**Q** 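Please see the structure below; I have some questions.
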Amino acid sequence: MRIAVVGSGYVGLVAGACFADMGHDVILVDNDQGKLDGLKNGQVPIHEKFLSELLERHRGRNLTFSDDLGAAVEASAAIFIAVGTPPTETGHADLSYVESVARSISSAINGYKVIVEKSTVPVYTSEWIRKILRRNAAAPDAFDVASNPEFLREGTAVTDFFYPDRILVGADSDRCAAVLREIYAPLTDGTYYKRPDAIPQPERTQIPPPLIITSTKSAELIKHACNAFLAMKISFINAVASVCESVGANVQQVCQGIGTDSRIGPRFLNPGIGYGGSCFPKDLLAFRAVARECGYEFRLLDEVMRINEDQRHRFLRKVHNALWTLRGKRLGVLGLAFKGGTDDIRESPAIALVQNLVQEGCQITAYDPAARERAREVLNSSIEFASDAYEAAQGADALLILTEWDEFSSLDLNRLHQQLKYPIVIDGRNLYDPEVMAAHGFTYYSVGRPAVTAEGLPLEAGAQSRKASNS
Ligand code: UGA
């Protein structure tokens with residue numbers, strides 16, 4: 001099928017490349033000429049596994065790039081809107097880009113088109129798109145508006161696209177649903193997975209994925225509710241971790257105990273320094289704002305956000321507890337991205353923590369496998385950048401682990417010990433077993449687990465949190 005994808009940001013670029021790999025003819029539309037030129041010349045603007053491979057495979061063949069939205073609409077049966085919906089000061093999603101695309105689409109309609117929301121948008125957006133098209137003289141039977149939200153995680157976006165838990169289609173007519181069914185048929189009928197060049201199947205995924213049809217409003221709500229629920233799960237376990245710290249329990253054991261309850265499940269129960277990224281923080285604000293507008297005060301979301309914020313402060317207090325005063329202390333930092341596997345630093349708790357520590361007078365040398373350049377744009381010369389984890393640790397009073405990169409969980413601990421001035425590790429992502437760290441001579445602090453000294457002795461139960469609340 002001929003498909004236009006409007007917006008070559010994270011979602012648009014991944015969806016466009018994946019639709020092309022499923023055999024569709026895709027026109028990726030953007031109004032940023034520089035970005036389009038880069039894409040045409042083989043540049044890949046984001047760090048995402050398999051993406052460059054897919055772009056290479058289809059660029060200039062069944063995946064083309066254009067700034068002519070009108071021509072792309074005329075040529076396509078389905079138009080996916082994947083433009084940005086940044087938060088406004090009130091927490092609402094700014095839908096002006098969506099509106100402007102909808103207006104441009106209306107003047108190019110030359111036959112039945114399905115206009116699909118791919119960006120995360122609040123409930124009622126599909127109705128507004130419909131109104132905008134009608135106001136701009138599109139005939140009512142010339143189009144339908146559908147919602148087809150993505151559940152892609154940065155770092156695994158391409159595999160998430162091909163191996164989703166489900167494909168969600170919000171459509172209010174059979175005609176419209178049929179178009180979306182046809183687009184996803186290579187996945188739902190399993191033919192894509194039989195291809196020798198198919199993107200490999202990750203563990204714990206089932207093929208073919210189910211396709212769920214709902215109303216457009218339900219689909220819009222599902223996307224916001226899903227992200228809010230996942231953020232709630234993270235805040236819940238972070239709150240439990242804080243209680244564990246107070247009583248000397250181990251959150252890892254608690255997670256194992258609650259995660260094996262099949263009604264709860266083990267995923268998204270990793271405590272840490274709080275969630276970040278371009279989705280959860282923005283989507284929680286937007287969901288709360290839309291609920292409020294519809295007459296419901298979603299106070300649970302306030303608490304989820306408060307716990308998330310608090311988690312960073314608790315980590316800072318841990319650094320204080322480990323090092324006493326911070327002015328002039330040298331810290332090695334591992335990780336600046338908002339999570340492992342990506343170069344994205346938007347709303348990264350690691351960046352916020354580094355900024356706090358710099359304000360407190362620390363000298364920081366940081367290493368991130370992918371986010372260095374992006375971090376440099378924000379942190380400028382306030383910190384130094386290392387080219388690997390050991391260089392970041394060299395001569396430091398302590399090492400902080402702030403992002404869950406895989407490579408940080410398998411460091412050579414003897415070498416690390418030699419590099420540090422004092423063998424103190426404060427791990428915001430629980431990448432190591434406290435006993436192993438103690439056996440290697442580290443004083444080791446983590447989240448929701450007893451801190452251990454270099455002699456292998458646990459700090460007194462509750463000592464960390466009592467000290468923290470006294471400070
Ligand atoms: C999230 C959702 O997981 C996707 O399903 C969704 O499609 C996407 O938002 C979106 O709306 O576009 P993403 O923001 O890429 O994906 O990242 P996640 O893997 O969800 O992680 C978000 C944050 O939570 C990260 O800072 C991560 O470190 C943190 N996290 C995650 C935890 O602290 N603990 C966990 O157990 C899991």
Side-chain angles (χ1 to χ4, degrees), residues 7 9-15 46-49 82 84-87 93 117-122 148-161 163-168 219-220 222-241 251-252 255 258-259 264-287 304-305 307-309 311-312 314-315 335-353 368 371 401-406 408 427-431 446-448:
Y10 222 100
V11 170
L13 190 56
V14 171
I46 52 174
H47 177 87
E48 195 63 54
K49 202 170 171 195
T85 55
E117 303 164 345
K118 201 66 169 153
S119 318
T120 302
V121 289
N148 171 223
E150 269 316 324
F151 300 95
L152 311 178
R153 288 160 302 165
E154 290 188 20
T156 54
V158 170
T159 42
D160 285 346
F161 190 97
Y163 299 92
D165 289 342
R166 74 308 202 186
I167 295 160
L168 177 61
E220 290 166 334
I222 288 168
K223 172 66 194 184
H224 265 157
C226 226
N227 275 0
F229 191 90
L230 291 169
M232 180 184 75
K233 223 174 159 186
I234 297 169
S235 279
F236 179 84
I237 203 62
N238 280 332
V240 171
V251 73
Q252 206 169 317
C255 279
I258 58 181
I264 298 173
R267 297 172 75 189
F268 274 70
L269 274 186
N270 297 319
I273 53 174
Y275 60 77
S278 64
C279 303
F280 287 172
K282 162 178 86 77
D283 290 350
L284 259 75
L285 285 171
F287 196 26
V304 170
M305 291 186 258
I307 295 170
N308 197 53
E309 185 76 25
Q311 205 59 15
R312 283 214 301 270
R314 289 184 67 86
F315 187 81
L336 295 165
F338 82 97
K339 66 170 191 177
T342 175
D343 62 349
D344 197 340
I345 55 158
R346 286 176 288 176
E347 299 285 327
S348 169
I351 295 280
L353 275 166
D368 188 287
I401 303 178
L402 302 185
T403 304
E404 68 276 42
W405 278 98
D406 280 348
F408 296 160
D427 181 356
R429 299 292 190 166
N430 286 5
L431 298 189
S446 55
V447 183

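It should be emphasised that the depicted structure is a prediction, and the values quoted were computed from it without experimental measurement. Indexing begins at 1, ligand by ligand and atom by atom, following the structure's order.
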**Q** Would you name the heavy atoms of Thr403 and Ala350 that are closest together and state the gap between them?
**A** OG1-CB, 4.0 Å
**Q** Search all heavy atoms of Ser278 against all heavy atoms of Arg346 and return the closest pair with its distance.
**A** CB-CZ, 3.4 Å
**Q** If you measure from each heavy atom of Arg267 to ligand 1, is any distance below 4.0 Å?
**A** no
**Q** List ligand 1 atoms under 4.0 Å from Leu152, heavy atoms only on the residue side.
**A** 4 (C), 6 (C), 7 (O), 8 (C), 10 (C), 12 (O), 16 (O)
**Q** Nearest heavy-atom pair of Ile307 and Ser235: which atoms, and what distance?
**A** CG2-O, 3.5 Å
**Q** Pick one of side chain, backbone, both or neither for how Asn227 approaches ligand 1, counting any non-hydrogen atom pair under 4.0 Å.
**A** side chain
**Q** What residue and heavy atom of the protein are closest to atom 3 (O) of ligand 1, and at what distance?
**A** Arg153 CG, 3.3 Å
**Q** Considering only non-hydrogen protein atoms, determine which one is nearest to atom 9 (O) of ligand 1 and report residue, atom name and distance to 0.1 Å.
**A** Cys279 CB, 3.3 Å
**Q** What protein heavy atom is closest to atom 30 (N) of ligand 1, reported as residue, atom name and distance in Å?
**A** Ile234 CD1, 3.4 Å
**Q** Please could you name the atoms of ligand 1 that Glu404 approaches to less than 4.0 Å, counting only its heavy atoms?
**A** 27 (C), 28 (O)
**Q** Indicate yes or no: does an N/O atom of Gly276 lie under 3.5 Å from an N/O atom of ligand 1?
**A** yes
**Q** To which protein heavy atom is atom 21 (O) of ligand 1 closest, and what is the distance rounded to 0.1 Å?
**A** Lys339 CD, 3.8 Å
**Q** Considering only protein heavy atoms, which is closest to atom 5 (O) of ligand 1, and at what distance to one decimal place?
**A** Phe151 O, 3.3 Å
**Q** Short N/O distance, under 3.5 Å, between Asn270 and ligand 1?
**A** yes
**Q** Kindly indicate whether the side chain of Val158, heavy atoms from C-beta on, has any atom under 4.5 Å from the side chain of Val14.
**A** yes
**Q** If you take the nearest heavy atom of each of Phe280, Tyr275, Tyr10, which one is closest to atom 1 (C) of ligand 1?
**A** Phe280
**Q** Less than 4.5 Å apart, any side-chain heavy atom of Cys255 and any of Ile237?
**A** yes
**Q** Locate the shortest heavy-atom distance separating Ala352 from Arg312; write the atom from each residue and the value.
**A** CB-NE, 3.5 Å
**Q** Working to the nearest 0.5 Å, report the span between OG1 of Thr342 and CD of Glu154.
**A** 4.5 Å
**Q** Has Phe236 got more than 12 heavy atoms of other residues, nucleotides or ligands less than 6.0 Å from its CZ?
**A** no
**Q** Report yes if Lys223 has an N/O atom closer than 3.5 Å to an N/O atom of ligand 1; otherwise report no.
**A** yes
**Q** Taking a cutoff of less than 4.0 Å between a non-hydrogen atom of the residue and any ligand atom, is Lys233 in contact with ligand 1?
**A** no
**Q** Could you tell me which atoms of ligand 1, counted from 1 in the order shown, lie closer than 4.0 angstrom to a heavy atom of Glu154?
**A** 15 (O)
**Q** Test salt bridge (charged side-chain N to carboxylate O under 4.0 Å, His left out) on Lys223 and Glu117 and set out the steps.
**A** CA-CA 11 Å; Lys223 172 66 194 184; Glu117 303 164 345; over 6 Å; no
**Q** Taking only heavy atoms of Arg429, which atoms of ligand 1 are found under 4.0 Å from at least one of them?
**A** 28 (O), 33 (O)
**Q** For the side chain of Lys233 and the backbone of Ile264, is there at least one donor-acceptor N/O pair under 3.5 Å apart?
**A** yes
